[in-house]
Number of protein chains: 2
Amino acid sequence: MVTTVVIHLKQISTRFSMAVHILSLVAVSPTAECTGDYIAGSVNTNPVVIRRIMGMLKKAGLIEVRPGVGGASLRRSPEQITLLDIYRAVNVIEGDQLFRMHEEPNERCLVGRNIETVLQSEMNEAQAAMEQRLAQTALSELTDKFQ
Amino acid sequence: MVTTVVIHLKQISTRFSMAVHILSLVAVSPTAECTGDYIAGSVNTNPVVIRRIMGMLKKAGLIEVRPGVGGASLRRSPEQITLLDIYRAVNVIEGDQLFRMHEEPNERCLVGRNIETVLQSEMNEAQAAMEQRLAQTALSELTDKFQ
DNA sequence: AGTGTTGTAACATATGTGGTTACAACGGTG
DNA sequence: CACCGTTGTAACCACATATGTTACAACACT
């Protein structure tokens with residue numbers, strides 16, 4: 001018997017925008033100030049939600065968090081953190097596939113036999129176009145625009 | 001009191017790949033052959049799922065379905081139907097926003113005050129990049145590759 | 001009238017999200 | 001050392017969406 005686990009990406013969740021928010025705060029604030037509770041106040045959500053996302057950002061090597069003491073700091077300069085880095089850090093889906101293909105089309109049919117290969121490459125291209133655009137913007141470009 | 005309805009896009013669902021499959025079948029098969037049951041056999045799913053998606057494609061003006069009689073046909077030539085048309089037809093989300101922003105960041109904070117405007121334009125750019133890529137491929141380009 | 005089809009409604013199941021409470025581990029400070 | 005605020009997680013909830021399924025009315029042809 002074969003067991004297949006399908007991971008659904010509900011959407012590009014608000015985790016992404018919250019992660020950008022968090023990193024922006026860390027970029028412009030002193031380390032000691034950046035506690036989960038403080039950030040939660042700015043994002044306007046529960047501190048645990050923030051800690052969860054910060055855990056992902058830490059795992060991705062984007063930030064350093066001080067356990068016990070509290071506070072966080074960037075591990076790379078804001079110029080070297082792109083929106084794609086952030087997107088990848090918090091959108092944990094199998095194979096990073098934005099699109100999904102329906103399972104097991106009928107191989108006895110001309111279309112069913114070919115659709116997967118032909119369409120998959122188109123979906124990959126579309127996803128790549130989006131990711132390339134995200135990669136063009138650095139965290140510093142956002143914080144530079146704050147007034 | 002203000003009521004806000006948040007529409008979640010669980011993902012770019014398999015509705016999209018199924019819709020492309022359906023339209024490919026309609027493009028290469030005689031009208032009478034294209035019944036919901038026949039298509040369901042090729043896609044390998046329940047006929048009702050197909051009928052639901054065909055309803056969306058009909059609503060978007062991409063196909064014509066013959067009630068009672070059965071069968072479907074394209075309302076535009078395959079050269080004039082792009083993957084973006086199909087994507088838009090089946091991904092029904094408020095404002096067609098691929099990305100979501102967290103709600104009500106704290107206005108008293110420098111970051112919270114600015115993040116929405118600054119990040120939203122980046123997200124729009126990324127989404128546009130993906131959609132432009134989808135718009136570059138026509139249904140006919142897919143069916144041409146079937147062998 | 002009978003048959004096969006479309007069009008929906010209604011429901012079941014599965015899964016991700018964002019929020020919440022609870023609590024252990026950590027690392028300073030009095 | 002005891003205290004305190006913080007981080008790191010586990011566990012759970014409420015909710016929304018996706019896909020599949022049954023059921024049935026409306027439709028059009030024979």
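The sequence lines fix the lettering, A, B, ..., with proteins before strands; numbering per chain opens at 1.
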Is atom CD of Glu107(A) surrounded by more than 12 heavy atoms (other residues, nucleotides or ligands) closer than 6.0 Å?
yes
Side chains of Ser42(B) and His21(B): is there a donor and an acceptor less than 3.5 Å apart? yes
From CD1 of Ile22(B) across to C1' of dT19(D) the rounded distance in Å is 13 Å
Checklist entry - So, do Met123(A) and Arg100(A) sit near enough that their side-chain heavy atoms are less than 4.5 Å apart? => result no
| query | With distance as the sole criterion, is a donor-acceptor pair present between the side chains of Glu122(B) and Gln127(B) under 3.5 Å? | reply | no
With sequence neighbours left out, the residues meeting side-chain contact (heavy atoms from CB on, under 4.5 Å) with Glu79(A) are Ser77(A), Ser140(A)
| said: Looking only at the side chains, is there a donor atom on one of Gln97(A) and Gln120(A) sitting less than 3.5 Å from an acceptor on the other? | reply: yes
Compare side-chain N and O positions of Ser13(A) against OP1 and OP2 of dG18(C) and report whether any pair is under 4.0 Å apart.
yes
Between its two end axes (five pairs each) the helix from dA1(C)-dT30(D) to dG30(C)-dC1(D) turns, nearest 10 degrees, through 10°
**Item:** Phosphate OP1/OP2 of dG18(C): any Thr45(A) side-chain N/O under 4.0 Å
**Value:** no
Scoring nucleotides 6-11 of chain D by protein non-hydrogen atoms under 4.0 Å (B base, S sugar-phosphate only, - none) yields BBBBBB
Here the distance between atom P of dT19(D) and atom CE of Met56(B), to the nearest Å, is 9 Å
